[in-house]
Amino acid sequence: LLYLRNVNASGPISPITFDKNGDYPGFYTLVNLQQTDNGEGWAFKEIGTWNERRQKRLVFNEKAIVWNDEITSPVPKSVCSETCSPGYRQTKTIGCCWECLLCVERSISIIYGARNCTPCGKNQIANAERTHCTDVPITMVQWSDPIAAVVIFLMILGIIATLFVMGVFVKFDSTPLVKAANRELSYLLLFCIALYYTAPVIYIYKPNSISCPFYQAWYFLFSITCVAILGAKTHRIVNLFNTAKPNSELRKGFLLRYRHLWGVLAVSGTVLIIILIWVLVDPPRPHLNKSFVTEYVLECKPTSNVGGEFCHWLLVTMLTVLAILCGVYAFKARKLPHNFNEAKFIAFAIYVILIAWFIYYPVFINIRGKYMVIISCFSTLISATGLLSCIFAPKVFIILLYPNKNTQEFMKAELTDHTFRKRAKARSETTNSSSLSTNPNTNYSTISGSKSIGPDFQSVHVHDGEGKSVHYKLDNGH
């Protein structure tokens with residue numbers, strides 16, 4: 001054995017030597033079973049060597065290894081399951097395997113192989129990786145939000161349009177069309193529409209103890225006032241045309257002559273009193289809505305007790321009743337002369353306001369937070385735009401593009417034509433009733449009229465079946 005340990009001979013592959021234990025130093029070729037290049041068979045391909053005599057014993061080409069399923073990288077790990085990373089909890093071991101489960105919301109894990117997740121503190125939430133806790137973010141509509149920029153842009157456009165209409169009315173203040181539109185109520189309505197357009201600024205402003213009461217007061221005050229003005233305008237015109245002596249309306253005292261304006265101001269005063277009671281009994285206040293898990297929403301809570309609820313729904317009832325009355329008076333005015341008849345325009349305005357309500361109130365009742373503010377802004381903009389476009393756009397259109405219809409002669413012709421038709425209808429019904437009772441064979445087949453005699457005179461002819469006619473002449477519309 002001593003001589004064998006000292007043997008040192010040259011072999012065909014490597015030198016032949018033995019260590020102190022009489023063992024031959026290892027030299028191995030590492031091979032990998034791979035498919036041949038032509039794909040028709042399998043063969044062992046050398047990928048490295050292991051030589052005990054070298055300082056770096058193991059040498060192999062990792063890229064040349066082909067693993068199962070023809071995978072060349074990465075190197076498979078010979079474990080059943082890897083240790084769970086932070087953010088996961090590791091289930092119990094079954095055999096040699098386990099499962100990694102993501103920590104639930106508001107819980108985290110910060111070590112590898114954690115068996116349990118740690119809950120976050122109150123008003124905290126875990127990050128997406130479930131590795132640390134952060135304070136729950138408080139959200140609200142910001143001035144920098146794109147949707148807020150759109151709302152402010154539309155608000156500015158609405159205010160500019162309102163000021164333009166007001167400028168047109170001021171410039172043509174003495175024209176018949178502006179006078180027929182009841183200048184005092186029209187200017188008051190334009191003023192309310194302009195302030196109505198500014199409501200989104202209050203809605204978007206950060207909720208606090210001052211902005212929240214203004215949120216409710218602004219909406220109800222100007223929406224109710226606008227609807228009240230529409231009703232007062234229509235009621236006044238209907239009264240003027242239904243009275244036996246229209247000029248007597250103009251000869252009344254100051255208080256009676258402007259009673260519709262005082263009525264509107266009384267309605268606005270009533271709304272202010274209700275809002276004041278609301279603010280004193282149950283003021284709207286900022287509220288942190290925690291119904292969402294991932295974020296808290298800072299919003300205005302309109303009511304907290306039955307007193308506030310009563311005031312809120314009382315104002316809603318007032319708004320609804322006034323809208324209905326406004327529609328009733330608009331229906332009564334449907335047959336008035338065109339320049340005096342705002343029935344269809346008021347009806348359209350009411351329809352637009354109702355659409356805005358149908359958008360707002362379901363959202364108000366069922367949704368809270370950021371989206372409620374956005375819906376409130378668009379609902380207000382829709383209502384204000386409906387009032388401005390339906391009530392004033394037709395008048396501005398006539399004033400600017402058809403000035404011939406904004407003359408005293410044209411207005412007199414319309415009034416005379418209206419009076420002619422109304423009196424002709426009434427007298428024909430009276431004549432027909434009287435004649436039919438004395439001569440049942442008489443056939444009144446036609447009623448014809450003419451307004452070519454002049455602006456202050458009208459004539460009507462009633463023809464019967466025997467060629468006879470009855471002539472009526474109307475002087476100054478009476």
Side-chain angles (χ1 to χ4, degrees), residues 102-108 119-155 196-223 275 278-279 281-313 315-316 355-384:
L102 182 67
C103 292
V104 298
E105 291 182 346
R106 296 193 172 188
S107 63
I108 61 171
C120 293
K122 187 179 180 181
N123 296 329
Q124 285 189 324
I125 190 172
N127 63 339
E129 293 76 20
R130 307 291 196 272
T131 55
H132 67 274
C133 296
T134 58
D135 293 334
V136 178
I138 298 175
T139 62
M140 57 185 175
V141 180
Q142 303 289 341
W143 295 105
S144 58
D145 292 346
I147 191 66
V150 172
V151 169
I152 297 301
F153 175 74
L154 295 176
M155 180 197 73
Y196 204 17
Y197 268 117
T198 62
V201 174
I202 300 175
Y203 298 165
I204 298 176
Y205 195 81
K206 183 179 179 180
N208 55 51
S209 58
I210 298 177
S211 63
C212 286
F214 269 100
Y215 186 117
Q216 303 297 327
W218 211 264
Y219 173 78
F220 283 111
L221 177 61
F222 292 107
S223 59
I275 292 174
W278 184 356
V279 172
V281 174
D282 180 22
R285 66 198 70 189
H287 171 69
L288 194 61
N289 188 348
K290 298 183 179 181
S291 59
F292 304 99
V293 177
T294 57
E295 63 182 15
Y296 292 160
V297 180
L298 183 61
E299 61 185 12
C300 285
K301 188 175 182 181
T303 60
S304 301
N305 57 47
V306 67
E309 287 285 343
F310 176 79
C311 292
H312 173 263
W313 289 110
L315 292 173
V316 173
I355 291 172
W357 292 351
F358 287 139
I359 293 173
Y360 174 74
Y361 275 101
V363 174
F364 175 81
I365 294 172
N366 297 298
I367 298 179
R368 286 290 182 268
K370 189 174 182 178
Y371 299 103
M372 187 189 74
V373 174
I374 297 300
I375 294 298
S376 299
C377 291
F378 280 105
S379 173
T380 302
L381 292 176
I382 291 172
S383 299

**Report entry** salt bridge (charged side-chain N to carboxylate O under 4.0 Å, His left out) pairs, two or more places apart, involving residues 203-215
**Finding:**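 Listed once each, the pairs would be none.
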Report task. Return each pair, listed once, that meets salt bridge (charged side-chain N to carboxylate O under 4.0 Å, His left out) where at least one residue sits in residues 125-147; pairs must be two or more places apart or across chains. Result ->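 Checked against salt bridge (charged side-chain N to carboxylate O under 4.0 Å, His left out) - neighbours excluded - the pairs reaching residues 125-147 are D145-K370.
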Shortest non-hydrogen separation from [X] to [Y] and the atoms involved:
X    : Y    : value
I275 : L315 : CG1-CD1, 3.9 Å
S209 : P286 : N-CD, 3.9 Å
Q142 : A148 : O-CB, 3.2 Å
P213 : V279 : CB-CG2, 4.2 Å

Query raised in the report: Mind checking what makes side-chain contact (heavy atoms from CB on, under 4.5 Å) contact with V201, not counting sequence neighbours?
Result: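 For V201, the residues satisfying side-chain contact (heavy atoms from CB on, under 4.5 Å) (neighbours in sequence not counted) are W143, I152, M155.
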Rounded to the nearest 0.5 Å, what separation is found between the [atom1] atom of [X] and the [atom2] atom of [Y]?
X    : Y    : atom1 : atom2 : value
L288 : E299 : CG    : CD    : 8.5 Å
I202 : Q216 : CD1   : CD    : 11.0 Å
E295 : N289 : CD    : CG    : 9.5 Å
R106 : Q124 : CZ    : CD    : 9.5 Å

Query - Candidate pair I125 and T134, rule side chain to side chain contact (heavy atoms under 4.5 Å, CB included), full reasoning - result: CA-CA 5 Å; I125 190 172; T134 58; 4.0 Å; yes
Query raised in the report: Do P284 and W278 have side chains that get closer than 4.5 Å, going by heavy atoms?
Result: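 P284 reaches W278 side chain to side chain.
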Report task. Report yes if the side chains of T303 and F310 come closer than 4.5 Å at any heavy-atom pair, otherwise no. Result ->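 SC-SC contact between T303 and F310 ruled out.
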Query raised in the report: Of all residues at least two apart in sequence or in a different chain, which pass the ring-ring contact (aromatic ring centres under 6.0 Å, His included) check with Y197?
Result: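 Y197: no ring-ring contact (aromatic ring centres under 6.0 Å, His included) contacts found.
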Below 3.5 Å, can you tabulate the donor-acceptor pairs from side chains in residues 374-382 to any protein atom, sequence neighbours excluded?
residue	atom	partner	partner atom	Å
S376	OG	Y215	OH	2.9
S376	OG	M372	O	2.8
S379	OG	A356	O	3.2
T380	OG1	Y203	OH	3.3
T380	OG1	S376	O	2.9

Report task. Please test T139 against V297 for side chain to side chain contact (heavy atoms under 4.5 Å, CB included), starting from the C-alpha separation and ending with a verdict. Result -> CA-CA 5 Å; T139 62; V297 180; 3.7 Å; yes
Query raised in the report: Who pairs with H287 by side chain to side chain donor-acceptor pair (under 3.5 Å), at least two apart in sequence or on another chain?
Result: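 Testing H287 for side chain to side chain donor-acceptor pair (under 3.5 Å), a comparison that skips the adjacent residues, returns none.
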Requested in this report: Say whether, by atom type as modelled, one donor and one acceptor occur between the side chain of W218 and the main chain of T198 under 3.5 angstrom.
Outcome: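 A pair under 3.5 Å: no.
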Requested in this report: Ignoring hydrogens and angles, tell me if any N or O in the side chain of D282 forms a donor-acceptor pair with the backbone of N305 under 3.5 Å.
Outcome: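 Yes, because the side chain of D282 sits within donor-acceptor range (under 3.5 Å) of the backbone of N305.
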Query raised in the report: Above 12 or not: heavy atoms from other molecules or residues under 6.0 Å from CZ of F214?
Result: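 No, because the 6.0 Å sphere around CZ of F214 holds 12 heavy atoms or fewer from other groups.
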